[in-house]
Amino acid sequence: MLTQTETLTFGTKVQAEAAEVFGAFTNPSVLRNWLCDAAEVDTRKEGRIYLWWDDGYYAAGAIANLVRNESLSFTWQGKGEPSASEVRVSFAYQDGKTAVNVEQSGITSEESARKITQIWEGGLENLQSVVETGIDLRFARRPMFGLNDAGELDREKAAKLGVPVTEGVWLGGLIEGMGAHAAGLQKDDVLVGLGGKDVTNWNSFRAALEQHRAGDKVPVVFYRGPERHTVTMELSRRKITEVPASVKELADKARASYAAVDSELEECFKGVTEAEADHRPTPDDWSAKQIVAHLIAVERDVQTWIAGTIEEADMENVFQSNSKERVTAIVAVYPSIAVLLEELRREEALTVAMIATLPAKTFAHKNFIYQLADWMTNFPDHTREHIGEIKKLVETARN
């Protein structure tokens, strides 16, 4: 316990206008992109502010003062803290950069001081990265083990694999070239230790992994049959998508991605009857048509995301495309394979058109553009997974 209250100060410089950096502190969507995992902000005097992190820590308070693009102050009472502290943030623009200074006073415990230091030091570093490059360091530095299939060990699986333990993580499949595969681990190995931490189940595996960054070299303990092994592996880095240099480049990227998977999707429906496309193995399964309806719903969610960002709205959990009721309704309005595929192409064209007309102010938000470019890079894999499901459904309908 501190014998007196403590004041901590933190700072950084961000290559951006003061208005953009100020907005990163007051827009809940942007706050989630660099500081916390959930946020609410009512940007007026005595308006509420609430910040929450996935590790269970949270802080709540009220805005004490706000001078747009210049200063912001609010109270801060974190989880388990006996009293509130005060946060004062100033923004000063000069020579193309905005200097951000954060001062937090009235901290009453060493534990609170450590947590607050962790939050602001890491957060301000990430703020600079998100605003200047679009890259969220929390994601970029998150390590990858390199699995495409895994599960918790149980007695039955332990007996089948011949391992002398009944707790751990079974490695069902490894991604070629990534950390685990490069270190020599194989399918059906059982992981029991990572980075000096015991691995007994999926949660303990994730907790051990989250203690590290991509590129770290860590000891891994595993069983292969009855034999215990220890190897050192390098945790893999995530692929970072390049931020397009212009709206046209981003729109062209989206158009090319759609064209590539649309041809594959249409090919998988060749010779498929309407009855086969309506087939559902169980009432809880989607039909092939409902999968296409899901892809249509995803496009509409992307459009909502783009529109909300242009309007600077709070866009949390914008993707709501997995509802059975929603996809069933779409199929009811577009009941045949042909009209479903036509509607999907129309929605994709609308998404491209929205991207092509993004205002300069929105395109300047590099984190949004990075996320959109990353989606356009990776969504074809999402569609191809569904193409595989469609093929299996058609095969099931024919047997």
Answer yes or no: is there an ion pair linking [X] with [Y], defined by an N-O contact shorter than 4.0 Å?
X    : Y    : value
D188 : K157 : no
R141 : D136 : no
E70  : R68  : no
D278 : K289 : yes
E395 : R398 : no
K97  : D95  : no
D189 : R224 : yes
E132 : K366 : no

[X], [atom1]: over 12 other non-hydrogen atoms inside 6.0 angstrom:
X    : atom1 : answer
D198 : CG    : no
E249 : CD    : yes
R346 : CZ    : yes
R206 : CZ    : no
Q186 : CD    : yes

**OP:** List the steps and the verdict of side chain to side chain contact (heavy atoms under 4.5 Å, CB included) for V165 and L153.
**Re:** CA-CA 9 Å; V165 292; L153 192 67; 4.0 Å; yes
**OP:** Let me see the working for T12 and V14 under side chain to side chain contact (heavy atoms under 4.5 Å, CB included), right down to the final yes or no.
**Re:** CA-CA 7 Å; T12 190; V14 183; 4.0 Å; yes
**OP:** Please work out which of the three classes, parallel, tilted or perpendicular, describes the rings of F205 and F145, given edges at 30° and 60°.
**Re:** perpendicular
Original post:
Which class fits the ring pair F91 and F22: parallel under 30°, tilted 30 to 60°, perpendicular over 60°?
Top reply: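 Perpendicular.
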Subject >> Listed partners of E389 passing salt bridge (charged side-chain N to carboxylate O under 4.0 Å, His left out), at least two apart >> reply: none
Original post:
How many angstroms lie between atom CG of L344 and atom CD of E266, to the nearest 0.5 angstrom?
Top reply: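 Here the rounded value is 9.0 Å.
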Original post:
From L137 CG over to N126 CG, what is the distance, rounded to the nearest 0.5 angstrom?
Top reply: 4.5 Å
Below 6.0 angstrom between ring centroids: does that apply to [X] and [Y]?
X    : Y    : answer
F25  : W34  : yes
W375 : F319 : yes
W305 : F368 : yes

**OP:** Could you walk me through whether H181 and I175 pass the side chain to side chain contact (heavy atoms under 4.5 Å, CB included) test, one step at a time?
**Re:** CA-CA 7 Å; H181 178 266; I175 301 173; over 6 Å; no
Strictly by modelled atom types, are [X] and [Y] linked by a side-chain donor-acceptor pair under 3.5 Å?
X    : Y    : result
S83  : Q77  : no
E6   : Q104 : no
T351 : E299 : yes
D314 : N27  : no

Original post:
Is the NZ or CZ atom of R345 both under 6.0 Å from the centre of the six-membered ring of Y258 and within 45° of that ring's axis?
Top reply: no
